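Hydrogens, waters and symmetry mates play no part in the numbers below; they use all other heavy atoms, side chains included. What you see is a predicted model, and the numbers here were worked out from it, not measured in a lab. So you know, we letter chains A, B, ... as the sequences are listed, proteins then strands, and number each from 1.
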Amino acid sequence: MSASGCRVRFAPSPTGYLHVGGARTALFNWLLARRSGGRFVLRIEDTDRSRHVSDSLEKILADMRWLGLEWDEGPEADGGADDAAGEGDFGPYCQSERLAIYQEHVQRLIDSGHAYYALETPEELAAMREQARAAKTDYKYRRPDPLPTAEQAQAARDAGRAVVVRLKMGDTAITVMDDILGEVTLAADQLEDFVIQKGDGWPTYHLACVVDDALMKITHVLRGQEHLMNTPKHIAIQRALGFDTPHYAHLPIIFNMSGSKMSKRDKEKALKRGEVPPEIDVHDFRVSGYLPEALLNFISLLGWSTGDDTEQITLDETTERFSVEGVGKGSAKFDRDKLLSFNTDWAAKVSEDRLLECFVDYLQVNGSPLAELPEATLRRMLELCKGFRTFPDVITKIGFAFVDDSAIEYQEKAVRKVLEKNDGAGYAALRNVVICLESLEPWTASAIEAELTKFCEANDLKLGGVAQPLRVALSGGTVSPAIFDTLELVGRERTINRIKQTMMQGSEQQ
RNA sequence: GGCCCCUUCGUCUAGAGGCCUAGGACACCGGCUUUUCAUGCCGGCAACACGGGUUCGACUCCCGUAGGGGUCACCA
């Protein structure tokens, strides 16, 4: 796209957390704005009060910020807006605060003969649809003739009936010029007079969206392909109102590996089956210990590619390379394995400071007491667990170092294999090594390494012969970071204590 | 069902008529490294949905078929 200074928008409905599909849409819009030196507008589409979920605006803003997709205009914008509200020059940016604007435009359409009052109730409409379905014919709303007058509409309202406003569709086909899909034409007989103002006086999505895009001077609309069939309606409204039509680009839809649409439903279903629910919302990935860098990078490659063999690139590099033309037409499946791989690589790649920052966020968002650990300790944990895939792996691997000695659970399998096998060779190793450890000075990884190496030579053991028993003694299982570092981190006192505790349990059983 | 969109390895994709013996990444399989678990390194398996055209030549262009998806609300 050669256009410069694109004004784009991301327009979520406040119905919960930000969905990954929405995040991809937000990202592409953000990318286009940054790439063209334009503005990224965040607009909240909350015209349906019945669907409103409390807190969801805050949640969406938090998710956007976590991803690093800052918006220039919109609620709590930090784009340096100089208007009173600090949101931007074309606010308000929540549709719930723009009712008068919509009603004014609806009135204009009525006055100009482009729209009319319609008196059918939802029940009547549903019955007509049902009738058509039973007769196996296509239902299409038929424009009343003559049209209800303003007086009739008022009389209906006075009688307690809700009155809607519909837009008159012309009798010519409408062609969408899509920057990804090309020309898409919808024949005139496929278009019907649709509702632009609901019975409660609020605009429908179509009207609000078009009016806002025009008033907010949006030049490019990037949205999901599920909106493709809405676009002719939007173009019709634009024409009736005398607005310019922005560029449109409909992004391919993101699916599950199973081929179904990714939805919150998946979480409920998994829960019902007693499975771990899959991450669907951005917040889910945050809680599961993914890095924003990895999620963003992975998501950017859903429907778009760098054009060469490079895949792992920063947001800045993505911005440099991104173009709407480079977006593919086909839908994409969300491959969690690949995301996991990306996360592993990003965790190994970002700076220590950044990794620490993300780790702390992970711990906090999960309400973990480990969040209170000294920074140096958290850094050490991260360093010892290098190669981890997501943050929970770190806890799994080294979390035992931060619990009470009495909380260690000894895994039966590990005890049998590492301690009891060969006439209790593991116990024997522990019994002997604990003596060396008790007097070792200083208690550092290198000193421990020297001591254990010496110990192995003296006892004709391989390192594993003592490292594994120590692992079981300290953690209850067979997995930990390098044994010397682990001992250092756990500390002498607790190391000795856990070894003795292990031996005691062993002798009880014998 | 009507309309619309889509179709390269299992998955994400590169490919814009000869560069293709179709490239990369994830997954998978095998090997190496290793005190455990990971990580890392090396190697391997694996695709142009099908059928017609057009062309000296089609993964690339056209038509059809099949399959997948979207949409048909006073929800966005």
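Less than 4.0 Å separates RNA chain B from at least one heavy atom of each of the following residues of residues 469-484 of chain A: A:Arg471, A:Thr478, A:Val479, A:Ser480, A:Pro481, A:Ala482, A:Ile483, A:Phe484.
Close approach of RNA chain B to chain A, defined as any atom under 4.0 Å from a non-hydrogen atom of the protein, starts and stops at B:G2 to B:A76.
Heavy atoms of A:Arg166 sit under 4.0 angstrom from primed sugar atoms or phosphate atoms, though from no base atom. When heavy atoms are screened at a 4.0 angstrom cut-off, A:Thr185 is found touching the sugar-phosphate backbone but no base atom. Residue A:Val164 is in base contact, counting any heavy-atom pair closer than 4.0 Å across all strands shown. The residue A:Thr121 sits close to a base: some heavy atom pair falls under 4.0 Å. Nucleic acid contact for A:Gly465: none, since no nucleic acid atom lies under 4.0 Å from a heavy atom of the residue.
Heavy-atom neighbours of A:Lys454 NZ from other residues, nucleotides or ligands within 6.0 Å: at or below the threshold of 12.
Remark: the separation of the P atoms in B:C42 and B:A25 is 10 Å, to the nearest Å. Spacing of C1' atoms, B:C50 relative to B:C56, comes out at 25 Å, to the nearest Å.
Between A:Tyr141 and A:Tyr116, the ring planes are parallel. Angles under 30° get that label, and only those over 60° would be called perpendicular.
Within the 4.5 Å cutoff, no side-chain heavy atoms of A:Trp202 are placed close to those of A:Leu207.
Results of the ring pair (Phe, Tyr, Trp, His ring centres under 6.0 Å) test with A:Phe285 over A:Phe298, A:Tyr17, A:Phe334 single out A:Phe334 as the only residue that passes.
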